[in-house]
Amino acid sequence: MELNTRFGEYGGCFVPETLMVALEELESAFLNIFPNPAFQKEFQEYLTTYAGRKTPLTLCRNMSKDLGCTVYLKREDLLHSGAHKLNNALGQALLAKHMGKKRLIAETGAGQHGVATAIAGAVLGLEVDVFMGEVDIARQALNVARMNMMGARVIPVTSGTRTLKDAMNEALRDWVARVRDTHYLIGTVAGPHPYPVLVRDLQRVIGDETREQILSAQGRLPDIIIACIGGGSNAMGIFHPFIDDASVTMYGVEAGGEGLDKKHGASLCGGRPGVLHGNYSYLLQDSYGQIIESHSISAGLDYPGVGPEHAMYKDSKRITYTAITDTEALEAFLYLSRTEGIVPALESSHAIAFARKIGPELSKDALLIINLSGRGDKDVETVLRYMRGAA
Ligand SMILES: *Cc1c(COP(=O)(O)O)cnc(C)c1O
């Protein structure tokens, strides 16, 4: 079997020649080791007894009443580590272990993906090095401490703007040097082929469970699914099992930041196609093709690119992409906390905010599912700071 290396014109493998062998080795492991029943049995056991799958699909009675339609939340906030990222980190780490790798590397901006990688490395007995910009290390002290406690090394990146995109370059450089014993654990549906397919298939458990749960609860498919988009992995995870169901409308919600005419993180709504992180997709760039730094109140959506499969669905219009501002996300954070007693991640709050916008326009039998990608404990300080009026 061969995998498509492209999504329409997007995707591909824009990497140094020396990495092609590693990417082919990973693709081969994905095709041959991953489907193996023994591997799947072990993986499923980690997902259920360690990570806590399956996650619930919660009927939100108060929010439904308020918006005038039926609203469910898919509760990835209840996964171990507090977000969906662990589905991917555990899957890739286990695959790397079966490939005979001894070491995981990752790059991280806010530290959430670094933490998920540190967790997977600790439980599977793999060495972990996380590349992180110096500026981000200073901003995200708590996540740096969490990674260190779980035995991961955090390596400061001092080049360029000392943030996520520089950490990405550093991780790729390290991988070139140590490809034999090292797996590069990419945290979203971006990067060179086969990562966009691999990460999607590791996250589609969210959508597979959702499908089964909504059919059992309501006897039919949802009308609308909403998810936030940073790189696009939680969204692709919940969307993908419904892609062929024409009756299901899907909305991907990007970080509108201070507005699409100001600083934002909305690559699909406010960017153009180009090459970043080994693949061709929409990204934030200036007229010279240099990457523009993104901005979002939520660290997890603060990424200047987006997965190539989303780029394809944007052009084909299968999925509608939209953006929510920092202020709207903040209001949705407080709204869900107050209305349902669930404190959402600021990332997920973008999806909640969009539901609040369209809910009142829908018919009262509309059935809406929002992917709650993570919990908001990590964001409480940020929210307090914004509420006090300091950004
Ligand atoms: C990282 C993160 C995101 C954004 O990443 P995607 O790949 O777009 O899913 C969204 N929500 C939470 C809680 C995150 O930690």
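Along the sequence shown, residues carry numbers from 1. We count ligands from 1, going down the list as the structure has it; atoms in each ligand are counted the same way.
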Worksheet item: Can you check side chain to side chain contact (heavy atoms under 4.5 Å, CB included) on T182 and K101, steps first, answer last?
Response: CA-CA 6 Å; T182 296; K101 306 287 180 187; 5.8 Å; no

Discussion item. Under a plain distance cut-off of 3.5 Å, with no hydrogens placed, do E42 and Y46 share a side-chain donor-acceptor pair?
Written reply: no

Discussion item. Out of all atoms in ligand 1, which are within 4.0 Å of some heavy atom of N234? Include the element for each.
Written reply: 6 (P), 8 (O), 9 (O), 10 (C)

Practice prompt. Would you check the N or O atoms of G232, main chain and side chain alike, for any that come under 3.5 Å of an N or O of ligand 1?
Written response: yes

Discussion item. Keeping D174 on the side-chain end and E170 on the backbone end, is there a donor-acceptor pair under 3.5 Å?
Written reply: no

Practice prompt. State the atoms of ligand 1, each with its element, that fall below the 4.0 Å cut-off from a heavy-atom position in A345.
Written response: 13 (C)

Practice prompt. I would like to know whether I369 and L57 meet side chain to side chain contact (heavy atoms under 4.5 Å, CB included); could you show each step before the answer?
Written response: CA-CA 9 Å; I369 298 177; L57 183 71; 4.1 Å; yes

Worksheet item: Between Q112 and ligand 1, is there a nitrogen or oxygen pair with a distance under 3.5 Å?
Response: no

Worksheet item: Around atom CG of D244, are there more than 12 heavy atoms of other residues, nucleotides or ligands at under 6.0 Å?
Response: no

Worksheet item: Can a donor-acceptor pair be found between the side chains of R75 and T55 at a distance below 3.5 Å?
Response: no

Practice prompt. Can you sort out which atoms of ligand 1 are near S233, meaning under 4.0 Å from one of its heavy atoms?
Written response: 6 (P), 7 (O), 8 (O), 9 (O)

Worksheet item: Looking only at non-hydrogen atoms, which of K378, E347, M236 approaches atom 10 (C) of ligand 1 most closely?
Response: E347

Worksheet item: Short list, please: which atoms of ligand 1 are under 4.0 Å from a heavy atom of G374?
Response: 13 (C)

Fill in: Any donor-acceptor N or O pair under 3.5 Å, side chains D326, H295
yes

Worksheet item: Going by atom types alone, do Q203 and N88 pair a side-chain donor with an acceptor below 3.5 Å?
Response: no

Worksheet item: Has ligand 1 got any nitrogen or oxygen that is less than 3.5 angstrom from a nitrogen or oxygen of L301?
Response: no

Discussion item. For the residue pair N36 / Q40, report whether a side-chain donor-acceptor contact shorter than 3.5 Å exists.
Written reply: no

Practice prompt. Check I229 against ligand 1 and report side chain, backbone, both or neither, counting heavy atoms closer than 4.0 Å.
Written response: backbone

Practice prompt. Measure H84 to ligand 1 on non-hydrogen atoms and call it side chain, backbone, both or neither using the 4.0 Å cut-off.
Written response: side chain

Worksheet, complete the sentence: protein heavy-atom neighbour closest to atom 4 (C) of ligand 1 works out as G300 O, 3.4 Å

Worksheet item: Quick check: does K85 get an N/O under 3.5 Å from an N/O on ligand 1?
Response: yes

Worksheet entry | Residue and atom name of the nearest protein heavy atom (relative to atom 11 (N) of ligand 1), distance in Å to one decimal | S373 OG, 2.7 Å

